[in-house]
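Down below is the structure, laid out as structure tokens.
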Number of protein chains: 2
Amino acid sequence: MRPTVHDIAAEAGVSLATVDRVLNNRPGVRAVTRGKVEQAIATLGYVRDVAAANLAKGRGYSLNFILPAGENSFMRGLEAEVRAAKAHLASERTEITIRCVPAFDASALADALAEARRQRPAGVAVVAVDAPEVVRAVEELRQEGIAVVTLVSDLPGSTRDHFAGVDNIAAGRTAGNLMGRFLGDRAGPVAVVAGSMLVRDHRERLEGFQAVMHECFETRLLLPVVEGQDDAALVEKLVGGLIERHPDLAGIYSLGAGNRGLVAALEKAGKAEAVCAIAHELTPHSRAALLSGTIDVLLNQDAGHEIRSAIRVLKAKADGLPVIEAQERIRIDIFLKDNLPNGQA
Amino acid sequence: MRPTVHDIAAEAGVSLATVDRVLNNRPGVRAVTRGKVEQAIATLGYVRDVAAANLAKGRGYSLNFILPAGENSFMRGLEAEVRAAKAHLASERTEITIRCVPAFDASALADALAEARRQRPAGVAVVAVDAPEVVRAVEELRQEGIAVVTLVSDLPGSTRDHFAGVDNIAAGRTAGNLMGRFLGDRAGPVAVVAGSMLVRDHRERLEGFQAVMHECFETRLLLPVVEGQDDAALVEKLVGGLIERHPDLAGIYSLGAGNRGLVAALEKAGKAEAVCAIAHELTPHSRAALLSGTIDVLLNQDAGHEIRSAIRVLKAKADGLPVIEAQERIRIDIFLKDNLPNGQA
DNA sequence: CTGTTAGCGCATTCAA
DNA sequence: TTGAATGCGCTAACAG
């Protein structure tokens, strides 16, 4: 049998309450008494049963998720994952509320954060927009003792407790490495389509991509970045234009959303095979394009992992427990058509 | 407040015990009474608090891990992950014991499984050796109601509850796809070094690799497989021989262990740059070789994920709960030097 | 400063 | 077939 508080109380010759006090290092215990208890804990090898503790505390975690609204497939997938987790966690004293706010709208986001603060949840997870007012809103949450995790898009300069998302510079570098190697000696320039340079993720991916292309494939011509605003129609137009102006186009790196437009443009121009296309995020559309060969590589961040990690971290922070960073690192998945998972997405 | 058993007892006008009976569908309740309770459960939206339930049951999970002994870096990493989980789970009423048995030794493994059965754990995780006596030993565990998951290497034809490992055919295909594309038009044959064709994982990786090479890169010459027995010294000798006999060697796929030998042979022959090398499993050595450029791609299965997944599944099966397969799928990580995680390994 | 007591939400005797 | 009472391991008033 594992030792319990009773065992250590007996061993130390004190009462339960005293044991509890030193366990939760609360004040009001003489140093000697504390010593006896700690001694008993050590010799018996006591480890606290967190489940029982939480039960006694009647502790419940209320968590707030704030996501961008809109049609972005990835974000909707993210929301679906939150709902799935929500259902799953109903039996674990964890309550999740979801709130969607207009995308890329810093003041709307700051308002939503302020409102979340009024509800006094244990923690808030937010897809951040990189703006001063958002930073301020996050500070205020933190000052109330509310844990904050940024999701997918980080908020540097803030005191958020944790970032649950991928290293976008590494993602961009990976795309660059693969693009360079896949093209080999094939001639022709490479184009980059971003969503918006106002978004931090996109800036970082671009930075990583360009760095590797310049370091390792310096002879390859990189076309100026075009911005598709994560909008399929606009992306299609832009890519169509690129193909027209550069008949020898060898590759395209699409680092934002709107992949439907990318795929449409390539296929309409009969360039699905000829152009090496690397894109981000596994969605039903991008998956189909990968299988058909129009897209050659898909870089992905696993939305389910991000959500579950955010929840774990939020709970841990709310309890003042440490987080095992290595375990919470979100990987960059690289999908070829051969290692595509069978499931959803 | 979330409804509790008391609430539903009151709502249904029965006692706690009766509620408990229908909750755990135990016999001894009239259909009408049962109906009333179920009604109350539905209207109040009751969900059982599993933590409290486990506390009351005094339930504890005892889990047995059986791993191959020996110097294989990957397996030792796996063991380290089990130990880490063990420490972490001490506070969650879960006790883990580790047992190492000689590698590739079916009868030793069968014996270990039989012994595990005597300890009557809630579940057993095992790196399987594909042999009839192992299948039988697993059956016996299952018949005692002990949950069994295979780890890393599966045991088809057995009634194991789950396999916590990667799809090795897909891994081999992925290696083939990358090899073909990285080589592009470069001339020269491709060699394959396996550990042993007696091991299922290796057979499957080979199968996937060859399939893709034949389907998509049919002009590329594939050399006959050599078997290095996962032994670095032997691998070094074999690879050295391949390089001598094939001065124009373009690529090597090492689908087993012993990567130290692979790297040594390539570097001694001055072929680190010229030959495209794809290998499996991220270890300190393989990581160094990836960074130096001797290895071009590393396919990896995350040992930490596999262990944690095995534990979750074992617990769920022991409780007769369903497993969310999608959440327990172990991915094939593809590492280039640009997306290597900073942490351990 | 320290001890007593009464639950948290559920499962499980033992009676009725 | 049903109910009352007790306890799992821990925390939290409230006394002393």
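The figures that follow rest on heavy atoms only: side chains count, while hydrogens, waters and symmetry mates do not. Naming: A, B, ... by sequence-line order, numbering from 1 per chain.
Tested against A/V138 for a side chain to side chain contact (heavy atoms under 4.5 Å, CB included), the candidates A/L109, A/T150, A/V148 yield a single pass: A/V148. Each of A/V126, A/N64, A/I146 was evaluated against A/L141; a single residue qualifies, A/I146, per the side chain to side chain contact (heavy atoms under 4.5 Å, CB included) test.
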How does protein contact run along nucleotides 4-11 of chain D, one letter per nucleotide 5' to 3', with B for base contact, S for sugar-phosphate only, - for none, heavy atoms under 4.0 Å? B--BBBBS
Would you give me the side-chain donor-acceptor pairs under 3.5 Å for residues 316-327 of chain A, sequence neighbours excluded?
{"unit_1": "A/D319", "atom_1": "OD1", "unit_2": "A/R59", "atom_2": "NE", "d": "2.7"}
{"unit_1": "A/D319", "atom_1": "OD1", "unit_2": "A/R59", "atom_2": "NH2", "d": "3.2"}
{"unit_1": "A/D319", "atom_1": "OD2", "unit_2": "A/Y61", "atom_2": "OH", "d": "2.5"}

Which atom pairs, one a donor and one an acceptor, fall under 3.5 Å between side chains of residues 21-28 of chain B and the rest of the protein, sequence neighbours left out?
{"unit_1": "B/N24", "atom_1": "OD1", "unit_2": "B/R48", "atom_2": "NH1", "d": "3.1"}
{"unit_1": "B/N24", "atom_1": "OD1", "unit_2": "B/R48", "atom_2": "NH2", "d": "3.3"}
{"unit_1": "B/N24", "atom_1": "ND2", "unit_2": "B/D20", "atom_2": "O", "d": "3.1"}
{"unit_1": "B/N24", "atom_1": "ND2", "unit_2": "B/D20", "atom_2": "OD1", "d": "3.0"}
{"unit_1": "B/R26", "atom_1": "NH2", "unit_2": "B/D20", "atom_2": "OD2", "d": "2.1"}

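Look at B/D167 and B/R329 and you find no salt bridge, because none of the NZ, NE, NH1 or NH2 atoms lies under 4.0 Å from a carboxylate O. Residues B/D333 and A/R331 are paired through a salt bridge, judged by an N-O separation under 4.0 Å between the basic side chain and the carboxylate. A salt bridge is defined here as a Lys NZ or Arg NE, NH1 or NH2 lying under 4.0 Å from an Asp or Glu carboxylate O, and B/E79 with B/R76 meets this definition.
The footprint of chain B on DNA chain C, defined by a heavy-atom cutoff below 4.0 Å, extends from C/dG9 to C/dT12.
Judged as a salt bridge (charged side-chain N to carboxylate O under 4.0 Å, His left out), and not counting sequence neighbours, the contacts of B/E281 are B/R205.
Between the side chains of B/E95 and B/S62, no donor N or O sits under 3.5 Å from an acceptor N or O. In this model, no donor atom of one side chain and acceptor atom of the other lie less than 3.5 Å apart for B/S158 and B/E139.
End-to-end axis angle of the helix from C/dC1-D/dG16 to C/dA16-D/dT1, from C1' rotation axes over five pairs per end: 40° (rounded to 10 degrees).
Nucleic acid contact for B/V14: sugar-phosphate only, since backbone atoms but no base atoms lie under 4.0 Å from a heavy atom of the residue.
Remark: B/T33 is in phosphate contact with D/dT2, judged by side-chain N or O atoms under 4.0 Å from OP1 or OP2.
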